[in-house]
There are 2 protein chains.
Amino acid sequence: MSELNLVFGALADPNRRQVIGYLSERETATATELTGELPMTRQAVAKHLATLADAGLVESERQGRETRYRLTQAGAEWDDRLDALVKHLQRRKRD
Amino acid sequence: MSELNLVFGALADPNRRQVIGYLSERETATATELTGELPMTRQAVAKHLATLADAGLVESERQGRETRYRLTQAGAEWDDRLDALVKHLQRRKRD
DNA sequence: ATAGTGTGCAACCGACGAGTTGCACATTAC
DNA sequence: GTAATGTGCAACTCGTCGGTTGCACACTAT
């Protein structure tokens, strides 16, 4: 599939956008850690992380018995775009 | 549903992104006209136009026996963002 | 060695989305 | 009026997606 499709498909889910937000704050996290923030099981979070990784927004590295995820450059750029977009929408709604 | 969800949900489908592109060229079009450009039935195109309208990216106006669709301001902005994004991805891939 | 913790994989389920067909209604042309 | 064109609505199929459970494997601590 084309990269654009993968990226927009990944961003279509609000939980995945939230994961991007979390990763932008914490710099790095495991699927188990993120499970504490989201109302779903670890396996569901792991699936979302896999989808984000397919889209090139997230990368993973195994350290010992845990695998830590972090935003890629593209993922960080999208976090910025999303922040800007939310503020843009709020401003438009306010006027 | 939140506006952001509606917008990203609408943009997740490549056919709908293509419809946005077509509308940015033609200024205005009917569902039947767009059917000539896409490998699907008129009703399918009409559904896509409806979800784009829900997301506020497109607006419709009935003129006689046909209803003409055009991009809203938000839709036109997204068409620009998508163009810029495609070029951004191409540039990144080339380097 | 054994228990505890973290992960990955596979199968399953329910819901939703994309697309289709069929038909009824509205508008225009003749 | 009647035929042709454009639209809208409803029901149906089918695939995918988000989420779950269950289990096996990897690593760590004691």
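Chain A is the first sequence line, chain B the second, and so forth, proteins listed ahead of strands; every chain is numbered from 1.
- One atom, CG of A:Leu34, and another, P of C:dG6, lie 14 Å apart when rounded to the nearest Å.
- For A:Asp13, the side-chain atoms get nearest to D:dG18 when compared with the rest of C:dT7, C:dG19, D:dG18.
- The base of C:dG22 sits with one of its N or O atoms less than 3.5 Å from a complementary donor or acceptor on the side chain of B:Gln43.
- A straight line from NE2 of A:His48 to P of D:dC17 spans 12 Å, rounded to a whole angstrom.
- Nearest-nucleotide positions on DNA chain C place A:Arg42 closer to the 5' end than the other of A:Arg42 and B:Arg62.
- Of all nucleotides listed (D:dG6, D:dA11, D:dG19), D:dG19 comes nearest to the side chain of A:Ala44.
- Closest contact between the side chain of A:Lys47 and the listed nucleotides C:dT7, D:dT20, C:dA18 involves D:dT20.
- No side-chain heavy atom of B:Leu49 sits less than 4.5 Å from a side-chain heavy atom of B:Ser60.
- Within the nucleic acid shown, B:Thr67 comes within 4.0 Å of sugar-phosphate atoms alone, with no base atom in reach, counting heavy atoms only.
- The nearest whole Å value for the distance from the CZ atom in B:Arg65 to the P atom in C:dA24 is 20 Å.
- Between A:Arg68 and A:Glu33, at least one side-chain nitrogen of the basic residue sits less than 4.0 Å from a carboxylate oxygen of the acidic one, meeting the salt-bridge criterion.
- Here A:Arg68 lies out of heavy-atom contact (under 4.0 Å) with every strand.
- Per the geometry, OH belonging to A:Tyr69 stands 11 Å off C1' belonging to C:dG6, to the nearest Å.
- Counting only distance, with no hydrogens or angles, the side chain of A:Thr51 and the backbone of A:Lys47 share a donor-acceptor pair below 3.5 Å.
- Contact annotation for B:Thr30: backbone-only contact, meaning every heavy-atom pair under 4.0 Å involves sugar-phosphate atoms and none involves a base.
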